[in-house]
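Structure record follows, encoded as structure tokens.
Just so it is clear: chains get the letters A, B, ... in the order the sequence lines come, proteins before strands, and each one is counted from 1.
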Amino acid sequence: MARILITSAIPYINGIKHLGNLVGSQLPADLYARYCRARGDEVMFLCATDEHGTPAELAAAKAGKPVADYCAEMHEVQAELARGFRLSFDHFGRSSSPQNHALTQYFAGRLADNGYIQEVTEKQVFSKADDRFLPDRYIEGTCPNCGYDKARGDQCENCTKQLDPTDLIDPRSAISGSTDLEVRETKHLYLRQSLLKDDLAAWIDSKTDWPVLTTSIAKKWLNDGDGLQDRGITRDLHWGIPVKKGTQDWPGMQGKVFYVWFDAPIEYIAAAAEWAEANGKTEADWRRWWRTDEGAADVRYVQFMGKDNVPFHTLSFPATIMGSRDAWKLVDYIKSFNYLNYDGGQFSTSQGRGVFMDQALAILPSDYWRWWLLSHAPESSDSEFTWENFQASVNKDLADVLGNFVSRVTKFCRSKFGEEVPAGGSLGTREQALIDELTTRVAAYQDHMAAIEVRKAAAELRAIWVAGNEYLQSAAPWSVYKTDPEQAAAIIRLSLNLIRLYAVLSAPFIPDASATMLTAMATTDDAWPDDIAQALTVLEPGHGFSVPEILFRKIADEEREDWQARFAGVRS
RNA sequence: GGGCCUGUAGCUCAAUUGGUUAGAGCAGAGCGCUCAUAACGCUUUGGUUGGGGGUUCGAGUCCCUCCGGGCCUACCA
């Protein structure tokens, strides 16, 4: 039995995520986790909320709440939405947890002991009115290059020129608008990841099976310009993990916290510790997932993320682990995704453009979204959500191909044989051909799932559903019944078993519908079909079943138009 | 500016890494079926693989160039 550690990029705390965020990390991670579990692997699937940083403080201030309270509330909101989408985390943690505090401080101490931390005194812009140092992009002013008056301190969005905050004419705080700014000296810790450049390069070069998207981004950062740059891992903020060297105070760093991108990946580890605490497990129970010297040597670790997260997962976090010189588990495979766009443009959190997780669930059950999003996952390039495409896919794939198959089989049986699996008849060459085709297709499906080729897996699963309709059409039990009821019984017995098979195979994509199908078939046998012929005999003659409610309803044109209009504009 | 990705049927995507006649789904057309959510099945129309040039016995795939789309460029996360 393989042991698979799976993490999804942890969503930021400052609001509800949109479908683009969902399909880029959490949803495919869940698909893979469910598949691995179904195949009998031992799975640890972890996620969390990413709670530190300036945007969290500002969002809390805007909501008029203490930042700790705000994060606690938003964590619960996101956890509830995750449950709504049936994301099967073993634990959904918080980067602000005590476990992450301790681990982050521990890593910093180890890195310092091993010579990978450098103290750097630098100058940063301080806003007296806001009582905080301002990140570059939180400073606005007039661009010295093109005169655009809303240029940010890191880059002018109008002329795309890269800027330094001190370049701006008439700089002001983007938070308060205050012009009472001054440059102050402040000391920060830098992670000397440049010292690990060769180790990182060799490690990445060894990952020949990774998606191009992942390795090309990593190599770009490794080799661009002067090569991998050292990175500041502390900030002058109130909300965050206090800078400490292990459990010791760090002289000169009082009042500072670690940079969110330093502590966020460490939360992957801390989430396992949180899982242990929440489930009455021991320290050793979680460390056997993360320490190769404490039982994790046989663990395969797979990460899921959008492409914007790749540099941190291929360079900074591995540098943190390598620099600790501890036996922490490095990632084995990084599955990265492009962006999902919305109807001709981008999803926009600030403009409320597109569909957000809470709105999606208010419109339709999660399976509808899971199916569309996963079968259109932006693997090879950015992809686009349109309501027309969503409507067509849901109606055709889910309602017509799968849902109607369940409906026609169960209703035909009920009317001719009653609500139990009929006896009699025997399997012939047509049935054997179906079994052969399914055997081939299920093998292909498994290959795609193992390779985390999400769209290909979805296409193969759909073809497996179609095979049932093809079989039924050619076997035509409604005709056979007139002359040979026993043979019609054999056809329907096989078809009822197909429903159970489909429930098992489809569960990673559409868990609720799969559960409904199993319930209708009155079985709890959801064993993965290693032998298709055998799997199609599980429901034996005399076994009772029920006709389920419509599995998937169709989306009407009027609804689609209504939603189209509702989500084009500003989120109310 | 630099780098990376991308462009294949009306739409969404494949094509075993250079190898027969470029394939699926949806949409369109025709036929069949009547168990079923007006569902299902079969057949079928549709391509100068963005344009041009080159390498090769052979190019969707490799090289050059032009055009279009996207992403990243290190203090948002």
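- OP1 or OP2 of C72(B) has at least one side-chain nitrogen or oxygen of Y339(A) nearer than 4.0 Å.
- Using a 4.0 Å heavy-atom distance criterion, V466(A) is classed as a sugar-phosphate-only contact.
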Applying side-chain hydrogen bond (donor to acceptor under 3.5 Å, both in side chains), run through W239(A) and S96(A) and close with a yes or a no. CA-CA 9 Å; W239(A) 174 240; S96(A) 60; over 6 Å; no
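- No contact: P477(A) has no heavy atom under 4.0 Å from any strand.
- Nucleic acid contact for N404(A): base, since at least one base atom lies under 4.0 Å from a heavy atom of the residue.
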Secondary structure of RNA chain B per the Watson-Crick/G-U criterion (both distances under 3.5 Å; [ ] crossing, | other strand, . unpaired) is (((((((..((((.....[...)))).(((((.......))))).....(((((..]....))))))))))))....
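- Checking the phosphate oxygens (OP1, OP2) of C75(B), a side-chain nitrogen or oxygen of R231(A) falls inside 4.0 Å.
- Atom C1' of U56(B) sits at a distance of 12 Å from the matching atom of G19(B), rounded to the whole Å.
- C35(B) has its base stacked against the ring of W478(A), the centroids being under 5.5 angstrom apart at an interplanar angle below 30°.
- Between C76(B) and R137(A), a contact under 4.0 Å exists linking OP1 or OP2 to a side-chain N or O.
- In this structure, W387(A) has its ring center no closer than 6.0 Å to that of W372(A).
- Base engagement by L551(A) is indicated by at least one non-hydrogen atom pair under 4.0 Å involving a base atom.
- Interface remark: the Q391(A) side chain does not form any donor-acceptor pair with the C26(B) base, using a distance-only criterion of under 3.5 Å.
- At whole-Å resolution of the value, CG in L498(A) and P in A36(B) are 19 Å apart.
- Among C75(B), A39(B), A74(B), the nucleotide with an atom closest to any side-chain atom of K554(A) is A39(B).
- Taking atom P on both C42(B) and A14(B), the two are 24 Å apart, rounded to the nearest angstrom.
- Among the heavy atoms of the strands, none lies under 4.0 Å from S393(A).
- Annotation: cation-pi pair K307(A)/Y339(A) present, NZ/CZ under 6.0 Å from the ring centroid and within 45° of its normal.
- Taking the ring axis of F126(A) as reference, the NZ or CZ atom of R184(A) stays within 45° of it and closer than 6.0 Å to the ring centre.
- Comment: R553(A) engages E559(A) in a salt bridge, judged by a side-chain N to carboxylate O separation of less than 4.0 angstrom.
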